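Everything on this sheet refers to the single structure shown next.
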Amino acid sequence: MNQFYEEEILGKAYDSRIMKRLLKYAKPYFRYLLFALLLIIIITILKLINPYIIKTAIDKNINPFEVIKVENKEIRVYYIEDNLAKTLLKKYPSLIKSLNGKYYISLEDIQKIDIKDRLSLRWKNILNLQKAALLYLLIIFMIFFLTYIQVYVLNLTSQKIIYDLRKELFQHILKLPMRIFDRNPVGRLVTRVTNDTETLQQMYNSVITSLVVDIFLLTGLSIVMLTLNWKLAIICLISLPIVGYISFLFKKYAREAYRAFRIRLARLNAYLAEHISGMRVTQLFAREKENEKEFREINNLLLQATLRNVFVNAIFRPIVSALGSFVSAFLIFFGGLQIMGNQISLGTLFLFISYLGSFFQPIQDLAEKYDIMQDAMASAERIFLLLDEPEHITETPKITVLKDIKGKIEFKNVWFAYDNEWVLKDLSFTIEPGEKVAFVGHTGAGKTSIINLLTRFYDIQKGEILIDDINIKEIDPKELRKHIGIVLQDVHLFATNILQNIRLNRDDIPEEKVIEAAKLVNADKFIRELPQGYYTPVQERGATLSSGQRQLIAFARALVFDPKILILDEATANIDTETEKLIQDAIEKLIKGRTSIIIAHRLSTIKNVDTIYVMHKGKIVEKGSHQELIKKKGLYYHLYKLQSLNYANI
Ligand SMILES: Nc1ncnc2c1ncn2[C@@H]1O[C@H](COP(=O)(O)OP(=O)(O)O)[C@@H](O)[C@H]1O
Ligand SMILES: [Mg+2]
């Protein structure tokens, strides 16, 4: 049997088989994903346009000087429109010159003209700058708005996918056979539904879409850079794998530190949960010192992991984000040289430096995405493993509606084992409709197992179990269980009020019926004395109720569903003498008119049943009424004598 992998076992970052299955969950939301993707692409383009606006502003309007050669000297000049040039020429005849029919003024000479004329000279530049600034703002605003929509849509999609998955998981867990719960700690199953799905959400959110965008971005940028200036582009392209590799290493290290931190935090949580719920035992056996020591160790491990995490974050993250700066430094140097050599404009260098960030970001994120994928694959594998666990009923049962039954129960040569060892060996007996029987025997004899089989929590290996002469394998377990009421020794109460705990949220059962049942089993009186009566909330599994009171609630629960077959498994085992009379009375009312099976530790409570089966090591060794069995002086007689002696001693 699968144990549902331990947490934190990681494998491949990509598994096409798992990915295919994961994409299936995304399929209903494919349009949303596509829409989000489209938005991301638009946003990316807008983000790339903005530096270009600045570049243009720099080259065309802030620094629009061109280099020309006059008398073997290179000078920077500003070209002037003809109309303006003619007016200015009158005022500054020595400063405005012309070359090939175009008027110009040199950069140095601009300083020599009036501030007013300087303004009119550059008025067009100023207007253009204004436009550029407004356009820049507009694009920023669009980016802001589109990003909002994109983040919303993408999260909506991924959350919906995860919602579906959680729903499917819980629906599946509800139908799993009991042996799964025997072998898997509750915490592990809870993790499947919560943490593991969360990891997947991350994947849907960040990886699937960004992968496409990253490729798109890297190619686009490479082309733009290469066409602008191939020398500077080469510097960026060559550094790309180097920066990528270094950040991959660093981020890997950071992620490992984080993972260690998470594992240790989980361990601390588990320890706390276990020991806080077991506080009674701890205090009773004065284990505080030992627990303190254990906790100190776990706490210390967590501290170390946290500190390492902090260290990594403080050192490596800045390093990774600074890596791009090395390349910026190169760019400033070589780009500066090229500006001096008039090979590129100032705006182009600005563009390269601004694009560098966008260029490296996807590469720097790669490690993170790799880890998310790795986590997601592991989580998905664990989730699918659980989902693939066959549900209790794989074949469709022949009988899907079981109306009224008489309540005859028959075991025919039943063999059963939980694992390898036979727990029930060739067991046969018949209980007639309305008959009251008891099963007695040492602990571990197999009494509870009989009930587990009758309710089909487990299936038998050999033999037949019949109810009203129908093999229970042919009956839908849900239908079957409708007719069987069970009261166990441990009463599980849910975190809701008493009323709902009795009718188990079946709102079609009227309150009056619940009260009627509670009255019959003598529970009504104490319930009414509670602060809010039937609406009193049950706290922490009913810790504030006595075990007798909990037992009475369980009786009411069994009665309200009016089952034809009633089973009490050690239901009277831990009850105070005060409640015992109430319970004894309740039992008598309960079993009236029903086929009843009572498993009792205290033999005095079953004297009046029709037949007593005495079990020993998975077999029935004696059968008969109390009187008959006493006369027989067999195992029952011994058990009875032992108990009478014990009680006499008390
Ligand atoms: N869920 C289980 N998984 C494996 N073994 C079990 C399980 N429940 C009970 N057993 C084993 O089956 C045997 C019979 O148990 P059970 O029917 O509970 O006995 P009883 O109710 O008579 O005390 C015991 O040896 C017990 O260890
Ligand atoms: Mg038992």
Side-chain angles (χ1 to χ4, degrees), residues 1-4 173-189 389-392 409 411 413-429 431 436-463 465 472 477 481 484-492 547 550-551 554-555 558 565-575 583 587 596-606 609 611-623 629 634-636 638-640 642-643 646:
M1 224 239 22
N2 293 323
Q3 292 292 309
F4 302 134
I173 289 176
L174 281 176
K175 289 183 201 143
L176 285 178
M178 278 302 139
R179 60 188 171 81
I180 303 289
F181 303 101
D182 292 348
R183 271 160 244 209
N184 288 284
V186 176
R188 199 179 291 169
L189 295 174
E389 192 62 45
E391 291 182 357
H392 191 50
I409 300 168
F411 273 52
N413 308 97
V414 169
W415 289 78
F416 171 69
Y418 290 99
D419 305 296
N420 306 320
E421 229 169 288
W422 292 116
V423 170
L424 298 181
K425 301 164 199 158
D426 199 23
L427 200 67
S428 299
F429 60 83
I431 305 171
K436 281 125 197 66
V437 305
F439 282 87
V440 299
H442 292 293
T443 306
K447 305 179 296 285
T448 301
S449 303
I450 292 180
I451 307 210
N452 285 340
L453 298 181
L454 193 62
T455 44
R456 279 198 81 185
F457 280 133
Y458 301 83
D459 278 335
I460 54 173
Q461 278 83 2
K462 278 192 269 182
I465 300 174
I472 59 168
R481 288 169 195 162
I484 304 176
I486 304 187
V487 182
L488 299 172
Q489 182 176 358
D490 293 318
V491 182
H492 185 90
S547 46
R550 266 178 284 163
Q551 208 61 260
F555 281 133
I565 297 170
L566 187 78
I567 298 166
L568 309 179
D569 188 354
E570 313 266 12
T572 52
N574 46 13
I575 276 166
I583 290 199
I587 290 178
S596 311
I597 301 177
I598 303 171
I599 295 172
H601 187 65
R602 221 178 283 181
L603 301 184
S604 56
T605 52
I606 51 151
V609 300
T611 317
I612 296 170
Y613 292 94
V614 183
M615 291 198 60
H616 188 63
K617 294 187 177 164
K619 284 183 177 162
I620 291 173
V621 287
E622 286 170 23
K623 173 192 166 186
L629 290 175
L635 184 60
Y636 183 80
H638 276 287
L639 285 169
Y640 189 72
L642 214 63
Q643 280 200 355
N646 275 342

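We count ligands from 1, going down the list as the structure has it; atoms in each ligand are counted the same way. Note that the structure is a prediction, hence the values are computed from the model and not measured.
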Of G441, G618, G446, the residue with the heavy atom nearest atom 19 (O) of ligand 1 is G446
Of W422, F439, Y418, F457, the residue with the heavy atom nearest atom 5 (N) of ligand 1 is Y418
Using a 4.0 Å cutoff against the non-hydrogen atoms of S449, which atoms of ligand 1 qualify?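 Counting atoms of ligand 1 from 1, those under 4.0 Å from S449 are 14 (C), 15 (O), 16 (P), 17 (O).
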The atoms of ligand 1 lying under 4.0 Å from a heavy atom of D182, numbered in the order shown, are 1 (N), 2 (C), 3 (N)
- Using a distance threshold of 4.0 Å (strictly less than), state whether atom 3 (N) of ligand 1 has a protein heavy-atom neighbour. yes
Original post:
Is at least one protein non-hydrogen atom found at under 4.0 angstrom from atom 26 (C) of ligand 1?
Top reply: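 Under the 4.0 Å cut-off, atom 26 (C) of ligand 1 has no protein heavy-atom neighbours at all.
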Side-chain donor or acceptor of K617 paired with backbone N/O of K425 under 3.5 Å: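 Flag not set: sc K617 to bb K425 has no pair under 3.5 Å.
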Checking the side chain of K447 only, and the main-chain atoms of M615 only, is there a donor and an acceptor separated by less than 3.5 Å?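 Pair absent, no side-chain N/O of K447 close to backbone of M615.
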Do [X] and ligand 1 have an N or O pair less than 3.5 Å apart?
{"X": "T443", "result": "no"}
{"X": "D419", "result": "no"}
{"X": "V423", "result": "no"}

When you measure from the heavy atoms of Y458 to every atom of ligand 1, does any distance fall below 4.0 Å?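 Yes; Y458 lies near enough to ligand 1 that a heavy-atom distance drops under 4.0 Å.
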Next on the checklist: Strictly under 2.8 Å, is the Mg ion (ligand 2) approached by any N, O or S atom of S449?
Outcome noted: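 Looking at S449, which is the residue asked about, there is no N, O or S atom under 2.8 Å from the Mg ion (ligand 2).
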- Going by the angle between their ring planes, with limits at 30° and 60°, are H442 and H616 parallel, tilted or perpendicular?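 Perpendicular.
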Honestly, for T448 the part within reach of ligand 1 (heavy atoms, under 4.0 Å) is both
Could you point out which residue of I597, V437, I598 forms a side chain to side chain contact (heavy atoms under 4.5 Å, CB included) with V609?
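Going through the options one by one, the only one that passes is I598.
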**Asked** Which residue, N452, L453, D459, forms the side chain to side chain contact (heavy atoms under 4.5 Å, CB included) with R456?
**Response**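 The passing option is D459.
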Let's go through Y458 and D182 carefully: what are the C-alpha distance in whole Å and the side-chain angles of both, what is the deciding distance for side-chain contact (heavy atoms from CB on, under 4.5 Å) to 0.1 Å, and is it a yes or a no? CA-CA 11 Å; Y458 301 83; D182 292 348; 2.4 Å; yes
* What residue and atom, counting heavy atoms only, is the protein's closest point to atom 23 (O) of ligand 1, and at what distance? ->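 Heavy-atom neighbour on the protein nearest atom 23 (O) of ligand 1: G444 N, 2.7 Å.
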- Considering only heavy atoms from C-beta outward, does the side chain of K619 approach that of W422 to under 4.5 Å?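 Answer no - side chains too far apart.
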Output field: ring centroids F439/F429 closer than 6.0 Å:
yes
Between S449 and Y418, does the side-chain hydrogen bond (donor to acceptor under 3.5 Å, both in side chains) criterion hold? Intermediate values first, please. CA-CA 9 Å; S449 303; Y418 290 99; 3.0 Å; yes
